[in-house]
There are 2 protein chains.
Amino acid sequence: MTMLPTRAGTKGMPRAERERQVLAAATEEFGRRGYEATTMATVAARVGVTKPLLHQYFGSKQDLFLGCLEPVGDRLLTAVRTAMADHDNGAPPTPLRVLRALFDALDGQREAWFVLYDPSLPPGSEAAHRAAHYRDAIDELAATGTAELLRSTGSDDPLDADALKYAWRGLCTTLVRWWIEHPDQSPEAMAGRCARIFATARAVDPG
Amino acid sequence: MTMLPTRAGTKGMPRAERERQVLAAATEEFGRRGYEATTMATVAARVGVTKPLLHQYFGSKQDLFLGCLEPVGDRLLTAVRTAMADHDNGAPPTPLRVLRALFDALDGQREAWFVLYDPSLPPGSEAAHRAAHYRDAIDELAATGTAELLRSTGSDDPLDADALKYAWRGLCTTLVRWWIEHPDQSPEAMAGRCARIFATARAVDPG
DNA sequence: TCAGTAAATTACCCTAAGGTAAGATCAGTT
DNA sequence: AACTGATCTTACCTTAGGGTAATTTACTGA
């Protein structure tokens, strides 16, 4: 009698399921094209539905974006957090552990990274603030790692620390982008490749 | 009698001068906000003029973009080319020489870098192709540098080479972006900072 | 002084896209 | 068989922005 979580409605599928579908499609679309270039109609079409339904279910375009941002941000943040926490003495160095964690967390939906790092979010908007909040939280974690490094080389310039943190963030973004362009690469393969690349970079003549 | 390069016209200024003004403003705007988010009206307003004038002088929005792209692309390409050419034996290592050349070439108009690396260009458009052409030309130069490095570490995976090239490009982009957020930093200061950052990165425990 | 020309603007058109209102379609219930 | 409620669509409104046509303004030179 009571229809608790039963499939309901007409032609389509229950709301919860449709919402999951939409969020997956929107995350990929926002990540790939960016917020500005993504249209509600396109997202709707991807799941075989029309625009008004998205508005009924999620509200405005920005609300839909926020719906994508939260799970992605949480997932990435905890991935980095745990990767930095378990530093067994036999484990790979922290940067590689973090990268490996990111690749694992993004596997299956690699574009999700760019939901966090979308430069086309309306400045000053709720979406921009929330995305920045997640970025800052991740940067915070990165900062503890880089600070350690900087002490070891004797640099105490705070701007150096900031730039290094920034460079690390940019490097992660770049590597994820490369990964997206090479869909056949597994997270493991990527982690190994990063290790080799780091080793190569270390071979630069220090002038 | 003949009015060769004389100041002409009415209230404003001669066309050549206005065009230079517009190109400077548009380059900054395209670089800062990206192609999509830049509006003709905004660029026009920046130089105290209205939209139709831009169309009369440059044609379409894309034409205006191409007008910005060409000088920027040429400037950056030759900067990198010459930086890689003069490797005296006492000089800093190639990556740092290239960065220094970029900072010098971009000084006074740092956003110009992102005219080349704008992800919001209409896919398949003339603008996208031309920008890609410049990027590829610069990458080509970078590839000769990274290939040398890779030989020295024994890796012969072509994907490693591609990823390294890609990572280098991304690192440059990231460093320029940091620089834009720190307007008081001179090119010299940036070059020095990059050297310190590289040294710090080399201190990562190789696992 | 008056014609010619360059510089620039006002007023307009058209399309794309965010957003909404109202109705259509169907599952299950009574 | 009619009702209820969930799903989903058609048709529409509104705004922003690229682009154009026609006109105005003012300098220059005869």
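If you're wondering where the values come from, they're calculated on a predicted model, not measured in any experiment. Below, read A as the first sequence line, B as the second, and so on, with proteins coming before strands; counting in each chain starts at 1.
- At whole-Å resolution of the value, CD in A/Gln21 and P in D/dT7 are 13 Å apart.
- Among pairs with a residue in residues 135-151 of chain B, those fulfilling side chain to side chain donor-acceptor pair (under 3.5 Å) read B/Asp139-B/Arg169, at least two apart in sequence or across chains.
- Rounded to whole Å, the distance from CG on B/Leu53 to C1' on D/dT20 is 14 Å.
- Distances shorter than 4.0 Å separate some side-chain N or O of A/Arg18 from OP1 or OP2 on D/dC8.
- Residues passing the side-chain hydrogen bond (donor to acceptor under 3.5 Å, both in side chains) test with A/Ser155, sequence neighbours excluded: A/Asp160.
- Not counting sequence neighbours, A/Lys61 has no partner by the salt bridge (Lys or Arg N to Asp or Glu O under 4.0 Å) test.
- At the heavy-atom level, A/Thr42 lies nowhere under 4.0 Å from the strands shown.
- When the C1' atom of C/dG18 is taken as reference, atom CD of A/Glu36 falls 11 Å away, rounded to whole Å.
- Each side chain to side chain donor-acceptor pair (under 3.5 Å) pair with one or both residues in residues 36-55 of chain B, not counting sequence neighbours, appears once here: B/Glu28-B/Arg46, B/Glu29-B/Arg46, B/Thr39-B/Thr42.
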| task | Dump the intermediate steps for side chain to side chain contact (heavy atoms under 4.5 Å, CB included) on B/Phe65 and B/Ser60, then the final yes or no. | result | CA-CA 9 Å; B/Phe65 179 86; B/Ser60 70; over 6 Å; no
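- Mapping A/Ala37 and B/Val49 onto DNA chain C by nearest heavy atom places B/Val49 at the nucleotide closer to the 5' end.
- Distances shorter than 4.0 Å separate none of the side-chain N or O atoms of A/Arg15 from OP1 or OP2 on D/dC8.
- B/Leu64 has its CG atom 15 Å from the C1' atom of D/dG17, to the nearest Å.
- One interatomic measurement links the two molecules: CG of A/Leu54 to P of D/dT10, which rounds to 14 Å at whole-angstrom precision.
- Contact annotation: A/Thr50 side-chain N/O to D/dT9 OP1/OP2 distance is under 4.0 Å.
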Please tabulate, one pair per line, each protein N/O and nucleotide N/O from nucleotides 19-22 of chain C that are separated by under 3.5 Å, including the distance.
| from | atom 1 | to | atom 2 | distance (Å) |
| --- | --- | --- | --- | --- |
| C/dG19 | OP2 | A/His55 | NE2 | 3.4 |
| C/dG19 | OP2 | A/Lys61 | N | 2.7 |
| C/dG19 | N7 | A/Lys51 | NZ | 3.0 |
| C/dG19 | O6 | A/Lys51 | NZ | 2.8 |

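- Minimum atom distance to the side chain of B/Thr39 is reached by D/dG17, of the listed D/dT9, C/dA7, D/dG17.
- Using a 4.0 Å heavy-atom distance criterion, B/Phe58 is classed as making no nucleic acid contact.
- Residue pairs that meet the ring pair (Phe, Tyr, Trp, His ring centres under 6.0 Å) test with at least one member in residues 125-148 of chain B, sequence neighbours left out, do not exist here.
- For B/Arg18, the CZ atom sits in a packed shell: over 12 heavy atoms of surrounding residues, nucleotides or ligands are nearer than 6.0 Å.
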